[in-house]
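Following: one structure in structure tokens, then a few remarks.
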Amino acid sequence: LAACDRLGVAIVPRGGGTGLAGGAVPIHGEVIVSLERLRRVREVCPERWQMTVEAGVTTEHVKRLAAENGLYFPPDPGAAEQSHIGGNVATNAGGPHAFKYGPTGEWVLGLEVVLASGCVVELGGSLRKDVAGLRLADLLVGSEGTLGLITAVTLRLLPAREASLPIVGFFASDAAACHAVSSAVAYGTEPAALEFIDRAVMAEVGAAYPGRVPAGMAAVLADFDGSRPAAIAARAEFSALLEEASAVALDEPAGAVLWRWRDGISPVVSTIRGGKVSEDVAVPVDRLAEAVDRIRQIGSQHALPTYVWGHAGNGNLHPNFLVDPRASEEIVVAESAAACVFSLALELGGSISGEHGVGWLKRTQIDRQLSPEQREAQWAIKRALDPQGLLNPGKKLGDDPQRTSWLAA
Ligand SMILES: Cc1cc2nc3c(=O)[nH]c(=O)nc-3n(C[C@H](O)[C@H](O)[C@H](O)COP(=O)(O)OP(=O)(O)OC[C@H]3O[C@@H](n4cnc5c(N)ncnc54)[C@H](O)[C@@H]3O)c2cc1C
């Protein structure tokens, strides 16, 4: 980085390359800084419920290491075997269990970061309480490689959960399933995960479901954890609530198998037509049913097969428009449908990205969500930490309004 700074050469940090917003892709000849060889586990400290690992350690490895030491690392983004902890921090990755436990950033105590100048700094550390100075580590969380290069992460962990008990409800309509999610949240039940899968998706992936699945139904997946008696009681209360709310069939499949099946949804849906334009918006949880219904209308208006699932307890939906990847005109139509989905999310008081980030793909959308004052405050931070604009240019924040477009330069 020091050499790039001296020579004025732009760089793109790259972790596992699983990001869905094009953030780790070089667009105009930047140097790629790959973190894949930073694989060292520096410290696992069960007494303090902490570990420090280098940025290239995979998410799956972090979770396994925690479990082997009687601990639990909650974030579970879908590509855990390929994504890196550094990439998870840089995108503030979520996943199903972010409903109860929040995204990756909630678990970061400290970061080792290389600044644009090439200088290495420690931000935060291993203290659970420390209010000396600004919490700069928080700025790096979700910064998508635009503020610094994360080389190591100190994570806060939890003691392992005694039990993790899933339950799945099947509903005759997408709307009934969405209402079940919003009423479960309003009622105050607290599952660790609360997921929605629409009827179209269930028709494709139902055959591989690890249990009994009635035909033509949408699904709600929930997971209750903690001590065994507490998890059993909370799950019973949740199932009573679902049965009261609407006609529902319930199943209690085994946890690990269920979540592996859930992880497989995205790749299975990709194979239907060979490609998809996959989006990631967030809406207030009480607008969920309306959002899913209107996403489906957008799909019909654009004549695109439409599939929706997501981390619905957090209002985070993944609308997917299927395309033939060889038909460029279909991709253009799907991108126009995605733009309508962003407008819908903003109209409902939501966000253009719940967890995947802005990256390169949504750089032109960010102005629609942020006010000019919010944008200027973000750019003030970017300019302070990256005065030459060399860290992942064009990503996350789009172009600096005070500069000529870096693309045109
Ligand atoms: C099948 C599938 C399922 C997924 N499910 C989820 C999900 O449930 N929840 C979710 O949030 N995401 C999900 N994702 C998206 C993706 O896995 C996450 O965004 C993940 O955190 C990216 O990590 P990575 O190491 O692959 O980062 P990359 O793709 O390599 O990079 C992502 C961004 O972070 C930057 N970056 C990477 N490493 C560093 C670093 N060390 N320092 C500074 N910047 C860095 C890059 O420049 C880029 O902007 C899914 C992806 C796939 C393919």
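Quick note: residue numbers are just sequence positions, from 1. What's counted below: heavy atoms across the whole structure, side chains too, no hydrogens, waters or symmetry copies. When a ligand or atom number is given, it counts from 1 through the structure's own listing order.
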Look at the side chain of Arg363 and the backbone N and O of Asp399, then say whether any donor-acceptor pair between them is shorter than 3.5 Å. no
Name all residues meeting the side chain to side chain contact (heavy atoms under 4.5 Å, CB included) criterion together with Pro166; count only those two or more places apart in sequence or in a different chain, and write none if there are none. Asp223, Arg235, Leu258
Member of Thr146, Leu111, Val108, Asn92 meeting the side-chain contact (heavy atoms from CB on, under 4.5 Å) criterion with Leu140: Leu111
Step by step, would you call Glu279 with His318 a side-chain hydrogen bond (donor to acceptor under 3.5 Å, both in side chains)? CA-CA 5 Å; Glu279 269 319 326; His318 298 318; over 6 Å; no
Tell me which pairs pass side chain to side chain donor-acceptor pair (under 3.5 Å) where either residue lies in residues 128-142, with sequence neighbours left out. Arg135-Asp138
Tell me, please, which residues at least two apart from Thr364 pass side chain to side chain contact (heavy atoms under 4.5 Å, CB included). none
Close residues, ligand 1: non-hydrogen atom nearer than 4.0 Å: Pro13, Arg14, Gly15, Gly16, Gly17, Thr18, Gly19, Leu20, Gly23, Ala24, Leu35, Ala55, Pro77, Gly78, Ala79, Ser83, His84, Gly86, Gly87, Asn88, Ala90, Thr91, Ala93, Gly94, Gly95, Glu144, Gly145, Gly148, Leu149, Ile150, His311, Glu355, His356, Asn392
